[in-house]
K.L.:
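For reference, the structure I am asking about is given below.
This chain uses plain numbering: 1 for the first residue, then up along the sequence.
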Amino acid sequence: MLHLALALSLFLPQQSTDGLRQFIPPVPTPASFISDARRVLNDSAHSALDARIRALQAGGFGDIAIAILPDIGGYTPNEVAVAIYRDWKVGSVAAIGSARRDVGVLILIVPKELAPDKRGQCYIAPGTGAEGIITDAASGTICRDAIIPLLKTRDYAGALAAGIEAVAARLTADAGLADSSTARGVAMPPAPNGG
């Protein structure tokens, strides 16, 4: 049986993880949570988004990382987002049993204006600690209702701010995360004005 599986794997088309690696951008610098190689965000928007993510992280509500890519090749958004999430090691490192263990979210955006196939993508990949909070349905709703309408008008900063706030609303509403943050004496960070 094993020989049959090996033989089939030699003849069936596969996309290698090496091929996927080309779509994983370098980890953003320590001062940033956002990879934006094509610079669709201006410096002030980039800084404001980083500050908001930093405030959520400091409040104990997990990590949010953003990858803005021009292309994901023939891979699905899920494959690329999960690969980036793992490579960047997104998510809080906390003790086993902690409500905050592996609470992280990666927002993947492929603006259609940059994509060779002119198909935009929005995908949200939660870490295992956030899967019950940011479900597949919630991820789809956040992309569809908060992010994509602003991407259609090329308001990339607004789209990402809306996505961050939608993710933050779900994370901060979670009783386990809120309890662990309150126990540490950390209050929910406020959203920026107009955010």
K.L.:
For Pro149 versus Ala146, what's the shortest heavy-atom pair and its separation?
P.N.:
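Closest approach of Pro149 to Ala146: CD-C, 4.1 Å.
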K.L.:
Where the side chain of Glu165 meets the backbone of Ala162, is there a donor-acceptor pair that is under 3.5 Å apart?
P.N.:
no
K.L.:
State, to 0.1 Å, how close Gly104 and Ala130 come at their nearest heavy-atom pair, and which atoms those are.
P.N.:
O-CB, 3.8 Å
K.L.:
Show the numbers, then the answer: is there a side chain to side chain contact (heavy atoms under 4.5 Å, CB included) between Ile34 and His46?
P.N.:
CA-CA 8 Å; Ile34 304 167; His46 195 127; 3.6 Å; yes
K.L.:
Roughly how far, to the nearest 0.5 Å, is CD1 of Ile124 from CD1 of Ile66?
P.N.:
10.0 Å
K.L.:
Please round to the nearest 0.5 Å and tell me the distance separating atom CZ of Arg38 and atom OH of Tyr156.
P.N.:
11.0 Å
K.L.:
For the backbone of Pro28 and the side chain of Trp88, can you confirm whether one donor and one acceptor N or O come within less than 3.5 Å of each other?
P.N.:
no
K.L.:
Can you tell me which residue pairs pass the disulfide (SG to SG under 2.5 Å) test with a partner in residues 22-57, sequence neighbours excluded?
P.N.:
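For residues 22-57, and leaving out neighbouring residues, there are no disulfide (SG to SG under 2.5 Å) pairs at all.
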K.L.:
Take Ile107 and Ile147, measure what side chain to side chain contact (heavy atoms under 4.5 Å, CB included) needs, and give me the verdict at the end.
P.N.:
CA-CA 10 Å; Ile107 300 174; Ile147 297 174; 4.2 Å; yes
K.L.:
Flag the pair Val103 / Phe61 as yes when at least one side-chain heavy-atom distance between them is below 4.5 Å, and no otherwise.
P.N.:
no
K.L.:
What heavy-atom pair brings Ala31 and Arg54 nearest, and what distance separates the two atoms?
P.N.:
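The pair with the smallest heavy-atom distance is O-NH2, 2.7 Å.
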K.L.:
Can you see whether Ser44 engages Asn42 through a side-chain donor-acceptor pair at a distance of less than 3.5 angstrom?
P.N.:
yes
K.L.:
Could you tell me if the side chain of Val80 sits less than 4.5 Å from the side chain of Leu20, heavy atoms only?
P.N.:
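Of all side-chain heavy-atom pairs linking Val80 with Leu20, at least one is under 4.5 Å.
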K.L.:
Exactly one of Ile84, Ile109, Ile24 should register a side chain to side chain contact (heavy atoms under 4.5 Å, CB included) with Leu69. Which one does?
P.N.:
Ile84
K.L.:
Does a side-chain heavy-atom distance below 4.5 Å link Asp87 with Arg21?
P.N.:
yes
K.L.:
What distance separates Ile64 CD1 from Ile134 CD1, expressed to the nearest 0.5 Å?
P.N.:
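So the gap between those two atoms works out to 8.0 Å.
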K.L.:
Name all pairs fulfilling the ring pair (Phe, Tyr, Trp, His ring centres under 6.0 Å) condition that reach into residues 18-39, sequence neighbours left out, sorted by first residue then second.
P.N.:
Phe23-Tyr75
K.L.:
Of all heavy-atom pairs between Pro77 and Ile72, which one has the smallest distance, and what is that distance?
P.N.:
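Smallest interatomic distance, heavy atoms only, reads N-CD1, 3.7 Å.
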K.L.:
Please walk me through it: do Val82 and Arg86 pass side chain to side chain contact (heavy atoms under 4.5 Å, CB included)?
P.N.:
CA-CA 6 Å; Val82 168; Arg86 289 177 179 160; 3.5 Å; yes
K.L.:
List the atom of Tyr85, the atom of Gly127, and the distance in Å for their closest heavy-atom pair.
P.N.:
OH-CA, 3.0 Å
K.L.:
Hey, does Arg170 have a side-chain heavy atom less than 4.5 Å from the side chain of Ile142?
P.N.:
yes
K.L.:
If a pair satisfies side chain to side chain donor-acceptor pair (under 3.5 Å) and one of its residues is in residues 125-139, list it, with sequence neighbours excluded.
P.N.:
Asp102-Thr128
K.L.:
Given side chains that start at C-beta, do those of Pro111 and Leu151 come closer than 4.5 Å, heavy atoms only?
P.N.:
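No, too far: nothing below the 4.5 Å cut-off.
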K.L.:
Flag the pair Val105 / Ile133 as yes when at least one side-chain heavy-atom distance between them is below 4.5 Å, and no otherwise.
P.N.:
no
K.L.:
Are Val167 and Leu56 close enough, and set up right, to give a side chain to side chain contact (heavy atoms under 4.5 Å, CB included), and what steps lead you there?
P.N.:
CA-CA 10 Å; Val167 167; Leu56 286 163; over 6 Å; no
